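Notes to accompany the following structure.
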Amino acid sequence: MADVTTRRTQWLRGVLDLSVLALLAETGESYGYALLQRLEQAGLPDMKAGTLYPLLNRLATDGLLRAEWRAGDGGPGRKFFALTDEGRKALADMGPEWVAFATTAIAVVRRGMDSEMDSGMDKG
Amino acid sequence: MSVLDKRYSDELMIALRLHEISGERVGEVLAEVESHVAETGEDPRAAFGSPKEYAAQVAAQLDARSGKPSPLSYMLGAALTGALVYVGGGLLLAALNRSPIVLTWVEIVTGPLVMGFILSAIFTALAGVRAVTGGRAYKVVALGLAACALATIFVADRLNDGVSPVIEVPQAAAIVIGVAALAAAVVSLARSIKRGRVVRPR
């Protein structure tokens, strides 16, 4: 079985689009490195810059995000991203679907864990 | 503030180019990496992976809208340019050396065949260079295709008796067709160069 980091990365891949849309809904606008930090603070670590940046650009191409370069203080500029109306709609549509899906998955895993504990206690 | 090392930047640019990504998008990707490294001080290989891996990841998220042509249109465009150079150059050189131009069945059959083998070898070799894994297999196939092109030229030379002409092209017509084909090839190349020019975001 894959190690913890690999497993988390695989799980996150399925929900990363939605997580980025949700974080941008919270913050209003942000850029790549700040979003990586926010993901880590939210308890979703192990995300690489090499995964996030192409994803942000794809969401922008799909019309869900608006991207804008702004000059930095003496260094290279930063590319800021913000939700478009289409992005807000995608979050409103997919968010509840994801929550329902995750709740079902949690219930299935929890039932399996509970029955495993019960059979362990019976043996004991 | 860290600065992106030139070697990584150059390797990434080449790797992105090998994926036929537009110059505008290449400039964006380089600027994003540069900006991230400047702010975090991270090693770009640790943050983004090797240039080859990152270019493959970027290409996987792109399509025609975002700076990557479809493989078919790219290959057809490159094949057409190659064919124009081959036909135009061949006709022009032949017309300047002798008159009129005489084509035999062997030349008509083996000419496109050689062209096909050469182009396939080039496309397969490029696929091998940009592949993150299994690149060696592509390179072996490309070598095989190049060998087929050489073998076809050798066989054509042996079979061509030069005395059973099928088509005769007058010298003046060969020069006109040759110049037109080469001019079309130059236009096609100029368009590719314009599309590939790296443009940094402002």
Side-chain angles (χ1 to χ4, degrees), chain A residues 5-6 9-10 12-21 24 29-41 45-82 84 86-87 90, chain B residues 1-6 8-9 11-12 15-16 19 21-70 130 132 198-202:
Chain A
T5 308
T6 311
T9 307
Q10 285 169 350
L12 189 54
R13 210 168 281 156
V15 71
L16 188 59
D17 294 31
L18 206 51
S19 303
V20 167
L21 294 179
L24 285 170
E29 63 172 16
S30 193
Y31 58 96
Y33 178 50
L35 282 167
L36 277 175
Q37 286 180 311
R38 297 272 310 193
L39 281 167
E40 194 164 352
Q41 285 160 9
D46 311 319
M47 177 49 52
K48 292 238 177 197
T51 304
L52 183 67
Y53 284 88
L55 174 94
L56 286 168
N57 286 315
R58 181 171 60 73
L59 292 174
T61 305
D62 289 344
L64 304 184
L65 300 183
R66 191 178 59 248
E68 187 192 357
W69 278 95
R70 289 187 203 153
D73 300 330
R78 285 174 179 158
K79 192 175 184 181
F80 279 82
F81 294 90
T84 59
E86 216 177 319
Chain B
M1 188 173 278
S2 288
V3 176
L4 179 63
D5 79 86
K6 193 175 177 320
Y8 187 90
S9 177
E11 284 180 13
L12 180 58
L16 291 164
H19 282 276
I21 293 170
S22 71
E24 198 177 339
R25 181 57 69 179
V26 170
E28 283 262 330
V29 173
L30 291 173
E32 281 168 4
V33 174
E34 198 176 294
S35 170
H36 183 89
V37 169
E39 179 150 10
T40 62
E42 281 183 285
D43 175 0
R45 281 173 201 276
F48 293 90
S50 71
K52 202 182 232 189
E53 285 166 347
Y54 188 47
Q57 207 153 0
V58 169
Q61 299 269 6
L62 296 180
D63 57 21
R65 292 170 303 160
S66 47
K68 191 172 188 292
S70 75
R130 66 181 172 233
V132 177
V198 174
V199 182
R200 292 289 186 142
R202 291 165 186 236

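These values consider heavy atoms only, across backbone and side chains, with no hydrogens, waters or symmetry-generated copies. Computed from a predicted model, the values in this text were never measured in an experiment. Per chain, numbering begins at 1; letters A, B, ... match sequence-line order.
- More than 12 heavy atoms of other residues, nucleotides or ligands lie within 6.0 Å of CD in B/E11, so this atom counts as buried by the packing criterion.
- B/Q57 pairs by the side-chain hydrogen bond (donor to acceptor under 3.5 Å, both in side chains) definition with A/T51, not counting sequence neighbours.
- Identified under the salt bridge (charged side-chain N to carboxylate O under 4.0 Å, His left out) test for residues 30-39 of chain A, with sequence neighbours left out: A/E26-A/R38.
- With a 4.5 angstrom heavy-atom cutoff, A/K79 touches chain B only via side-chain atoms.
- At a 4.5 Å heavy-atom cutoff, the contact between A/L36 and chain B is made by side-chain atoms alone.
- Contact of B/A46 with chain A is made through the backbone alone, with heavy-atom distances under 4.5 Å.
- Proximity to chain A involves both the backbone and the side chain of B/E28, based on heavy atoms less than 4.5 angstrom apart.
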* Chi angles and distances behind the ring-ring contact (aromatic ring centres under 6.0 Å, His included) call for B/F48, A/Y53 -> CA-CA 9 Å; B/F48 293 90; A/Y53 284 88; 5.6 Å; yes

